[in-house]
S.K.: 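Encoded as structure tokens, here's the structure I'll be asking about.
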Amino acid sequence: MTKTVDDEETIQHVADALAAKYPDMARVELEAIVREEFGEIAGRPVRDYLSILTERAARKRIKKSIAAA
């Protein structure tokens with residue numbers, strides 16, 4: 001597997017988990033947030049916790065977005 005495939009799998013896994021938690025949010029919007037948050041941390045040298053860090057950052061942004069609405 002290449003890094004790109006692994007990254008895409010991570011993004012989809014996080015998006016799936018968040019879609020279950022936020023079913024009223026459009027999948028396209030949710031996935032865009034996940035991709036942006038993933039992009040912010042993906043370049044760091046330690047990639048072991050990429051999935052959980054991406055999910056936490058995206059969840060924080062989603063909650064902030066919901067509160068502002």
Side-chain angles (χ1 to χ4, degrees):
M1 251 189 275
T2 65
K3 178 180 168 188
T4 304
V5 172
D6 291 342
D7 288 354
E8 187 61 31
E9 286 179 9
T10 298
I11 290 166
Q12 291 305 313
H13 173 75
V14 171
D16 290 345
L18 291 173
K21 292 178 184 177
Y22 302 99
D24 295 334
M25 181 170 247
R27 176 67 184 222
V28 173
E29 182 181 0
L30 191 138
E31 197 169 309
I33 291 170
V34 171
R35 286 183 185 284
E36 287 175 21
E37 294 301 331
F38 181 86
E40 290 290 320
I41 60 176
R44 296 184 182 165
V46 177
R47 298 178 54 89
D48 294 342
Y49 303 105
L50 209 54
S51 179
I52 191 69
L53 293 174
T54 300
E55 184 173 346
R56 284 181 184 170
R59 186 174 40 234
K60 183 177 178 181
R61 251 179 85 180
I62 291 166
K63 285 181 179 180
K64 190 175 184 180
S65 172
I66 290 171

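Please read all numbers here as calculations on a predicted model, not as lab measurements. Counting begins at 1 with the first residue of the sequence.
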S.K.: Can you find a heavy atom in the side chain of Lys63 that is under 4.5 Å from one in the side chain of Lys60?
M.R.: no

S.K.: Atom CD1 in Ile66, atom CZ in Arg61: separation rounded to 0.5 Å?
M.R.: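 It comes to 12.5 Å.
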
S.K.: Check for a donor-acceptor pair, side chain of Thr10 on one end and backbone N or O of Asp6 on the other, with a separation under 3.5 Å.
M.R.: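 Answer holds: yes.
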
S.K.: Any side-chain heavy-atom pair from Ile33 and Met25 closer than 4.5 angstrom?
M.R.: yes

S.K.: Please round to the nearest 0.5 Å and tell me the distance separating atom CG of Leu18 and atom CD of Glu55.
M.R.: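 The CD atom of Glu55 is 5.0 Å from CG of Leu18, to the nearest 0.5 Å.
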
S.K.: Where do Ala42 and Leu50 come nearest, in terms of heavy atoms and distance?
M.R.: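 Ala42 and Leu50 have their closest heavy atoms at CA-CD1, 3.9 Å.
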
S.K.: Roughly how far apart are Lys21 NZ and Leu30 CG, rounded to 0.5 Å?
M.R.: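 The NZ atom of Lys21 sits 11.0 Å away from the CG atom of Leu30.
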
S.K.: Under 4.5 Å between any side-chain heavy atoms of Glu31 and Gln12, yes or no?
M.R.: yes

S.K.: Would you compute the distance between atom CG of Asp7 and atom OG of Ser51 and round it to the nearest 0.5 angstrom?
M.R.: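 Reported to 0.5 Å precision, the distance equals 11.0 Å.
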
S.K.: CG/Asp16 to CD/Glu9 distance, rounded to the nearest 0.5 angstrom?
M.R.: 11.5 Å

S.K.: Within the supplied structure, the quantity of interest is the number of heavy atoms (other residues, nucleotides, ligands) at a distance under 6.0 Å from Arg27 CZ; does it exceed 12?
M.R.: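 Count over threshold, so yes.
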
S.K.: Search all heavy atoms of Ala58 against all heavy atoms of Val34 and return the closest pair with its distance.
M.R.: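 Smallest heavy-atom distance, with atoms named: CB-CG2, 4.1 Å.
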
